[in-house]
Amino acid sequence: MHGAHRRARRTAALTGAVGAALLAAGPVMVLRGRSGRKEIRTELAAQRIAFPARGLPAHLARLAGERVETGPHAHAYAALIKDHVARATGGRTYAEITEELHATGDDEELAELRQTAFMGETLRASLLSAYQAWHLTTLVTGLGALLTGVGATLLATVGPPGADTRRG
């Protein structure tokens, strides 16, 4: 009986320690997720990117004139750039144009096309990175909220420190 009581106390202490750790880590994650989201918005807004007022493909028409300040908007604008680059390059990629340029020698028009493809893909990659970061902030915030809840539940289960864990 004495051993069972000692095990119960150790289990309660461990549960309390894990609960306290989760309760401490959860809010930190929520705050970091929210501050990350704010930083993404600030950085995107600083670029002053806006969707054209007209001439957008049908699937982006609802965004006409809007500024790119969120992850989903960054993703949509990256799709717009993809369409523009594909039109400008005839569907060829930077690598394909580079290969063609090396095969044909010194072709100024092809070199300019390669530069267009490079710049478009670089901008697109930056916007897609912002979109991915946006999702990560969502994940961190959600996990932080979950950890906070689990930590609070564990602490409520074991009761205050020094409480008698025997049921009786």
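Two different hydrophobic clusters hold Val18 and Leu155 under the rule that ILVMFWY side chains link at heavy-atom gaps under 4.5 Å. By the criterion of side-chain heavy atoms lying less than 4.5 angstrom apart, applied directly or through intervening Ile, Leu, Val, Met, Phe, Trp or Tyr residues, Leu136 is not grouped with Leu128; the two fall into different hydrophobic clusters. Linking ILVMFWY side-chain heavy atoms closer than 4.5 Å, directly or via other members, places Val28 and Leu154 in two distinct hydrophobic clusters. Under a hydrophobic clustering in which Ile, Leu, Val, Met, Phe, Trp and Tyr are joined whenever their side-chain heavy atoms come within less than 4.5 Å, directly or via other members, Leu139 and Leu146 fall into the same cluster.
Although no hydrogens or angles enter the test, the distance criterion places no donor-acceptor pair under 3.5 Å between the side chain of Gln47 and the main chain of Leu44. Side chain of Arg32 to main chain of Val140: no donor-acceptor pair is present (N/O by atom type, distance under 3.5 Å, no hydrogens or angles).
Taking CG of Leu101 as the start and CG of Leu110 as the end, the distance is 5.0 Å to the nearest 0.5 Å. Remark: Thr42 OG1 to Glu39 CD distance equals 7.5 Å, nearest 0.5 Å. Rounding to the nearest 0.5 Å gives a distance of 10.5 Å between CD of Gln132 and CD1 of Ile40. Going from atom OG1 of Thr116 over to atom OH of Tyr94 covers 12.0 Å, rounded to the nearest 0.5 Å. Within the model, atoms CD of Glu43 and OG of Ser126 stand 11.5 Å from one another, a figure rounded to the nearest 0.5 Å.
Residues Leu63 and Glu66 meet the side-chain proximity criterion, which asks for heavy atoms closer than 4.5 Å. Side-chain contact between Leu23 and Thr148 is present, with at least one heavy-atom pair separated by less than 4.5 Å. You'll find the side chain of Arg41 reaches within 4.5 Å of the side chain of Trp134, heavy atoms only. Two residues are said to be in side-chain contact when any heavy atoms from C-beta on lie closer than 4.5 Å; Leu80 and Pro52 meet this criterion. Inter-residue side-chain proximity for Thr93 and Ile97 is flagged as unmet; no heavy-atom pair is nearer than 4.5 Å. Side-chain contact between Thr89 and Leu113 is present, with at least one heavy-atom pair separated by less than 4.5 Å. Annotation: side chain of Arg34 is not in contact with side chain of Arg37 (no heavy-atom distance under 4.5 Å). Residues Val85 and Glu121 form a side-chain contact, since some pair of their non-hydrogen atoms from C-beta on lies under 4.5 Å apart.
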For Thr141 and Met29: C-alpha separation, side-chain torsions, deciding distance, then whether side-chain contact (heavy atoms from CB on, under 4.5 Å) applies.
CA-CA 6 Å; Thr141 302; Met29 290 177 71; over 6 Å; no

Let me see the working for His135 and Tyr131 under ring pair (Phe, Tyr, Trp, His ring centres under 6.0 Å), right down to the final yes or no.
CA-CA 7 Å; His135 282 295; Tyr131 177 65; 4.6 Å; yes

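Nearest heavy atom pair, residue Pro57 against residue Asp83, reads CG-OD2, 3.9 Å. For Ala64 against Ala53, the heavy-atom pair with the smallest separation is CB-O, 3.3 Å. The two residues Ala45 and Glu69 have their closest heavy-atom pair at CB-OE2, 3.7 Å.
Relative ring orientation between Phe51 and His73 is described as perpendicular, the plane-to-plane angle rising above 60° on a 0-90° scale split at 30° and 60°.
Remark: Glu99 CD is loosely packed, at most 12 non-hydrogen atoms of other residues, nucleotides or ligands lying under 6.0 Å away.
A salt bridge between Arg92 and Glu100 is present, with a side-chain N of the basic residue lying under 4.0 Å from a carboxylate O of the acidic one.
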